[in-house]
Amino acid sequence: MKADVTVIGAGIIGVQSAVQLAERGLKVVVVDPGPAGGQQAASFGNAAWLSSHSVTPPATPGVWKQVPKWLRDPLGPLAVRPAYLPKVLPWLLRYLAAGSTEAKLRRTAAELRTLLIDAPRLHADVAARAGVPDLIDANSGLMQAYRTRAAYEADAMGWRIRRDLGIECQEIEAEELARRQPDLSRDYGFAVFTPEAGQCRDPGAYCAALLDYAVTLGARHIAARATGFRAEGGKLAAVVTTQGEIECTAAVIASGARSADLARLAGDKVPLESERGYHVTVEGGSNLPGPTTSVMIADRKVVITRLATGVRCAGQVEIAGVDAEPDWRRAEIMRTHLAGAFPGLDVTDAQVWMGHRPSTPDGKPVIAKARGVKGVVHCFGHGHVGLVGSARSGRLVAQLVTGEAPEIDLTPFAATRF
Ligand SMILES: Cc1cc2nc3c(=O)[nH]c(=O)nc-3n(C[C@H](O)[C@H](O)[C@H](O)COP(=O)(O)OP(=O)(O)OC[C@H]3O[C@@H](n4cnc5c(N)ncnc54)[C@H](O)[C@@H]3O)c2cc1C
């Protein structure tokens with residue numbers, strides 16, 4: 001089989017890339033053993049936030065003091081499986097270092113902001129072109145709820161950094177919060193509302209719709225796993241897959257948490273880990289009790305979102321590698337959090353899911369040309385911001401493949417930074 005570009009992975013990063021490449025008239029093949037945005041992909045089960053304000057890396061100053069707790073409590077909001085510690089230790093140390101000072105957080109925030117700014121509008125534009133405008137609500141805003149103003153003030157650094165980047169963050173007192181989120185437990189008496197942010201209405205369906213759109217522009221999806229590259233004179237000649245070779249001169253590594261091996265074959269060693277996350281979704285229509293605006297419940301460290309298909313509670317970070325079985329006790333915890341935040345919602349029959357955030361230690365993706373094989377482009381490692389960051393990432397991939405000038409400075413996203 002022949003193509004101009006092979007996109008490896010049909011998560012949100014792969015399909016956004018495929019759309020941008022197909023819109024430029026290139027012949028695109030997307031390889032993924034699973035369906036676009038299927039349950040195997042992080043892009044299926046995320047919290048649906050188009051949070052252009054999610055600019056700080058996950059680790060924060062002083063968080064290293066909690067490492068013993070992460071190892072001791074397998075069901076805490078962040079847990080590291082002790083047996084996996086020796087393997088993950090180098091990554092974990094870099095992860096902690098990336099958030100060790102406010103200055104580092106500020107630098108990362110300024111860099112990530114270039115990728116995420118305007119994301120809700122970019123998503124709305126691509127969804128409209130794909131014929132699914134209803135899947136993106138670019139104007140919903142997003143909320144973070146605290147029990148008290150004091151709890152918010154203890155969490156002030158992140159909000160200060162956001163405000164200094166020009167992001168509007170509105171403070172909402174108890175009475176107003178109760179008016180705006182009538183189903184939210186009254187245990188929560190303070191919130192911050194970020195009007196610039198938006199949400200997706202169904203992340204899995206959005207991926208599928210974007211791939212369908214790329215197909216109408218001539219793209220093809222092959223159910224196969226990419227295993228490597230064939231190069232001639234240092235230039236890409238083919239992507240090798242479990243269904244044979246795809247001859248092409250360009251390829252995009254967008255295989256989420258499983259991208260590191262392919263990246264190494266293309267000449268770059270990138271520290272990439274899975275920050276495993278879970279969700280529970282109560283299926284149903286708009287009459288289900290739940291959030292009016294998607295809300296992060298600060299003390300429970302979960303996001304609760306009303307989707308087209310029901311109400312979803314997503315979150316948690318479990319570091320145990322990509323191959324370990326899910327720990328479904330975590331889903332039970334999510335159920336408890338959902339019922340605790342929205343007591344009117346019956347969570348008995350909630351669907352459960354686990355997926356892999358593809359995470360670099362510094363919370364920034366790798367968006368760069370590969371060094372070892374000319375023609376290969378990396379686009380992976382989006383961690384907690386892959387959905388929101390995917391729209392501009394797809395544009396950047398197309399710019400790198402076609403030789404257009406990238407619309408933002410890609411230095412902070414280089415594969416060589418590690
Ligand atoms: C609980 C949870 C909540 C989240 N909430 C949000 C949120 O609200 N907002 C946000 O922006 N982000 C959120 N994220 C993060 C976001 O979901 C991810 O960053 C994003 O989905 C990553 O997309 P991806 O395309 O890189 O990877 P994936 O979606 O994982 O897709 C990778 C694809 O590559 C395929 N693949 C793997 N290896 C190969 C191979 N060798 N050959 C071919 N195909 C291969 C896989 O089958 C898969 O389909 C959340 C994540 C989790 C887990």
Side-chain angles (χ1 to χ4, degrees), residues 6-18 29-52 54 58 112 115-116 119-120 123 142 197-200 203-204 206-207 210-211 221-228 239-243 246 251-263 265 272 274-281 294 296 301-305 307 312-318 322 330-331 334 353-360 363 365-367 378-391 393-394:
T6 302
V7 175
I8 306 170
I12 192 64
I13 301 298
V15 297
Q16 292 274 13
S17 302
V29 169
V30 179
V31 288
D32 193 316
Q39 298 229 4
Q40 82 287 349
S43 305
F44 168 83
N46 57 52
W49 270 31
L50 301 178
S51 45
S52 39
S54 289
L112 262 183
L115 183 69
L116 305 186
H123 281 279
L142 293 172
Q199 76 154 93
C200 178
Y206 182 43
C207 287
L210 292 190
L211 181 63
H221 174 212
I222 307 291
R225 196 165 60 80
T227 54
V239 170
V240 182
T241 82
T242 47
Q243 297 292 321
I246 302 166
V252 183
I253 302 176
S255 14
R258 295 180 191 271
S259 299
D261 289 347
L262 289 168
L265 293 174
L272 188 72
S274 163
E275 287 186 85
R276 297 148 57 105
Y278 289 75
H279 83 212
V280 294
T281 306
S294 179
M296 173 176 281
K301 297 198 170 25
V302 296
V303 170
I304 301 176
T305 304
L307 300 173
R312 173 174 293 174
C313 177
Q316 301 194 329
V317 173
E318 179 186 45
V322 281
R330 287 187 161 273
M334 303 298 278
W353 172 88
M354 187 277 289
H356 302 281
R357 296 182 191 87
S359 297
T360 63
V366 175
I367 306 173
H378 303 298
C379 194
F380 58 84
H382 292 71
H384 294 245
V385 293
L387 172 63
V388 56
S390 64
S393 294

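This is a predicted model, so every value here is computed, not measured. We count ligands from 1, going down the list as the structure has it; atoms in each ligand are counted the same way.
- Using a 4.0 Å cut-off to heavy atoms of Ile13, the atoms of ligand 1 that qualify are 23 (O), 24 (P), 25 (O), 26 (O).
- In terms of protein heavy atoms, atom 23 (O) of ligand 1 is closest to Ser43 OG, 3.2 Å.
- Taking any N or O of Gly386, backbone or side chain, at least one lies under 3.5 Å from an N or O belonging to ligand 1.
- At a 4.0 Å heavy-atom cut-off, ligand 1 touches Tyr278 through the backbone alone.
- Of the protein's non-hydrogen atoms, Arg357 NH2, 3.7 Å is the one closest to atom 2 (C) of ligand 1.
- The ligand atoms of ligand 1 that sit less than 4.0 angstrom from a heavy atom of Ile8 are 40 (C), 42 (N), 43 (C).
- Looking from atom 8 (O) of ligand 1 to the surrounding protein, the closest heavy atom is Trp49 N, 2.9 Å.
- In this structure the side chain of Arg258 never reaches within 4.5 angstrom of the side chain of Ile8, judged on heavy atoms.
- Only the backbone of Ala48 comes within contact range of ligand 1, with a heavy atom under 4.0 Å; no side-chain atom does.
- Neither the backbone nor the side chain of Gln316 comes within contact range of ligand 1; no heavy atom lies under 4.0 Å.
- Inclusion of Ala42 in the set of residues having an N or O under 3.5 Å from an N or O of ligand 1 is warranted.
- Ligand 1 lies less than 4.0 angstrom from a heavy atom belonging to Pro33.
- A salt bridge links Glu318 with Arg276: at least one charged nitrogen is closer than 4.0 Å to a carboxylate oxygen.
- Heavy atoms of Val303 come nearer than 4.0 angstrom to ligand 1 in no pair at all.
- Under 4.0 Å from ligand 1, heavy atoms of Arg225 appear from its side chain as well as its backbone.
- Not close to ligand 1: His279, with no non-hydrogen atom less than 4.0 angstrom away.
- Within the 4.0 Å heavy-atom cutoff, Ser51 does not count among the residues contacting ligand 1.
- Considering backbone and side-chain N/O of Ala226, one or more are found under 3.5 Å from N/O of ligand 1.
- For a threshold of 3.5 Å applied to N or O pairs, the pair formed by Gly34 and ligand 1 contains no separation below that value.
- Minimum interatomic distance between Gln199 and Thr305 (heavy atoms only, all atoms of both residues): NE2-CG2, 3.4 Å.
- Taking a cut-off of under 4.0 Å to the non-hydrogen atoms of Gly11, the atoms of ligand 1 that pass are 25 (O), 29 (O), 31 (O), 33 (C).
- Heavy-atom contacts of Asp32 reach the following atoms of ligand 1: 33 (C), 34 (O), 35 (C), 43 (C), 44 (N), 46 (C), 47 (O), 48 (C), 49 (O) (cutoff under 4.0 Å).
- Scanning the protein for heavy atoms near atom 19 (O) of ligand 1, the closest one is Gly383 O, 2.7 Å.
- Atoms of ligand 1 found under 4.0 Å from any heavy atom of Val388, numbered from 1 in the order shown, are 10 (C), 11 (O).
- Ranking the protein heavy atoms by distance from atom 45 (C) of ligand 1 puts Ser255 CB, 3.8 Å first.
- Given atom 5 (N) of ligand 1, the protein heavy atom at minimum distance is Ala47 N, 3.0 Å.
- Applying the 4.0 Å criterion to heavy atoms of Ile12 picks out, from ligand 1, the atoms 23 (O), 25 (O).
- Below 3.5 Å of separation, one finds an N or O of Leu387 facing an N or O of ligand 1.
- Looking at ligand 1, you'll find an N or O of Asn46 within less than 3.5 Å of one of its N or O atoms.
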